[in-house]
There are 2 protein chains.
Amino acid sequence: MSEARSRPRRSSRRGDTRKALINGAFTLLDGQKSFDGLSQRELTRYVGIVPTAFYRHFASMDELGQALVDEAFRALRQILEDVRTDVRGSKRPVSTLVRSLLQHVRAHRSAFRFIAAERFGGAGGIRGAIRREMRLVQAELAVELARFPYLKDWSSTDLHMIAALMVNAMVAIVEEVLDRSAADKAAEAELMALAEKHLRLIVLGIPHWRSQA
Amino acid sequence: MSEARSRPRRSSRRGDTRKALINGAFTLLDGQKSFDGLSQRELTRYVGIVPTAFYRHFASMDELGQALVDEAFRALRQILEDVRTDVRGSKRPVSTLVRSLLQHVRAHRSAFRFIAAERFGGAGGIRGAIRREMRLVQAELAVELARFPYLKDWSSTDLHMIAALMVNAMVAIVEEVLDRSAADKAAEAELMALAEKHLRLIVLGIPHWRSQA
DNA sequence: CTTCAATGTCAACACATGTTCACAGAAATA
DNA sequence: TATTTCTGTGAACATGTGTTGACATTGAAG
């Protein structure tokens with residue numbers, strides 16, 4: 001009984017509680033809750049903190065919401081960058097894209113459930129931020145598409161149109177993966193195969209497209 | 001002053017309040033709220049009813065939620081049937097489909113905002129019901145696709161795969177339309193054009209698909 | 001070791017929530 | 001007209017909510 005701390009009621013590590021609050025919120029929202037159905041007390045209870053301690057880290061619940069958006073998008077951007085480098089060095093871009101994307105998404109599941117849930121569910125501010133980010137993703141994919149030889153002389157408008165279709169298709173798949181239990185590997189594999197087929201079908205149409213600009 | 005009712009505090013029409021509650025809920029949710037952020041008091045206040053009167057029509061808020069799902073899906077099915085008959089009698093199926101769909105959706109805006117918001121946002125029961133309905137829509141589109149001559153000898157698996165891609169594409173467009181103000185006609189026209197291009201691109205890929213079953 | 005900012009606790013606030021109960025007036029039925 | 005069934009009202013409940021204020025303890029900096 002040399003080092004028996006009297007009472008470890010205080011978490012004692014310096015900046016951990018803020019992260020605990022963010023992660024706790026993601027975890028709670030990973031269930032069947034939306035952000036405006038999540039209460040401050042429920043969250044602080046879950047994190048193991050007295051309600052008032054919350055305000056040492058966020059001025060209000062709205063500010064917590066903003067922090068969740070920021071964190072989720074930070075993860076999104078990181079993922080997409082990783083996926084891009086994976087795909088660039090690959091001989092089979094489509095299947096690499098799908099595999100890499102879903103694999104990364106699985107590692108940040110709750111953050112992405114948050115985005116999926118709030119994309120049309122929640123407050124206008126969050127919705128707007130998500131839509132903005134989505135457009136960015138689309139634009140970046142358009143740039144990436146332009147690297148392919150047989151798309152070199154396509155109009156930017158048409159590239160964006162293809163990018164939008166591809167992003168929509170992948171978003172739909174990702175959302176469906178998230179909507180299933182993380183353990184359901186069979187469903188995930190099935191969805192992965194479906195995503196690949198969808199992308200391939202889109203790609204097949206591309207050479208036959210006549211831009212009527 | 002022959003017919004001056006003393007006080008019209010009671011709405012007096014027989015079964016109207018239930019509908020008023022449902023429509024009121026849709027209207028309130030059309031803003032920036034999700035269902036589990038909508039309170040019973042807020043709703044009854046909005047409808048102009050005392051809180052307790054609510055329980056003459058629904059046993060609980062959960063039951064109200066179920067009623068909203070039912071009503072929204074009733075509208076969805078009606079719309080899709082109308083769209084189908086429109087498309088069947090058309091020489092230009094794709095553009096007819098898009099125009100007809102968006103036009104009908106506009107007429108049931110708030111019901112569809114509810115579906116979009118709760119698809120991944122809300123409680124598991126609602127999510128499950130929506131996913132089930134989505135699959136049904138997909139299956140019905142697959143059947144409809146089978147009517148086209150050059151798809152006649154396609155495998156059912158591949159037909160479903162195409163249907164899924166098309167449904168995903170249209171859902172994405174509809175959701176984006178719903179996310180804009182109902183008055184923004186310019187954005188809507190733009191999205192309609194985009195939807196048409198997306199569908200056309202998909203269709204272009206179809207003849208070149210080799211099923212690797 | 002002292003000092004000080006960071007981070008926690010406890011008590012309290014004013015108010016909102018979902019739901020129940022006993023009651024009242026209107027509409028439909030007889 | 002008398003009666004019963006719907007549907008609305010008012011007060012009340014226990015509990016939950018976001019947030020504030022005054023105080024305590026911790027870990028790091030001087």
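Residues from residues 36-46 of chain A lying near DNA chain D, meaning a heavy-atom separation below 4.0 Å, are A:Ser39, A:Gln40, A:Arg41, A:Arg45 in numerical order.
When the nucleotides C:dC23, D:dT19, D:dA22 are ranked by their closest atom to the side chain of A:Arg56, D:dA22 comes out on top. When distances are taken from the side chain of B:Met61 to each of C:dT7, D:dG8, C:dT19, the shortest belongs to C:dT19.
If you measure from atom CG of B:Leu21 to atom P of D:dT7, you get 12 Å, rounded to the nearest angstrom. When the P atom of D:dC6 is taken as reference, atom CZ of B:Arg18 falls 15 Å away, rounded to whole Å.
Contacts of A:Tyr55 with the nucleic acid, taken as non-hydrogen atoms under 4.0 Å apart, include base atoms. Base contact: A:Thr52 has a heavy atom under 4.0 Å from a base atom.
Within the structure, every side-chain polar atom (N or O) of B:His57 is placed at least 4.0 Å from both OP1 and OP2 of D:dC6.
Residue pairs meeting the side chain to side chain donor-acceptor pair (under 3.5 Å) criterion with at least one member in residues 159-168 of chain A, sequence neighbours excluded, do not occur. Applying the side chain to side chain donor-acceptor pair (under 3.5 Å) test to pairs two or more places apart or on separate chains, those with a residue in residues 123-138 of chain B are A:Asp179-B:Arg127, A:Asp179-B:Arg131, B:Arg77-B:Glu133.
Taking the side chain to side chain donor-acceptor pair (under 3.5 Å) definition, one finds that B:Glu176 meets it with nothing, sequence neighbours left out. Taking A:Asp184 as the reference, nothing meets the side chain to side chain donor-acceptor pair (under 3.5 Å) condition, with sequence neighbours excluded. For A:Asp86, the side chain to side chain donor-acceptor pair (under 3.5 Å) test picks out A:Ser100, with sequence neighbours left out.
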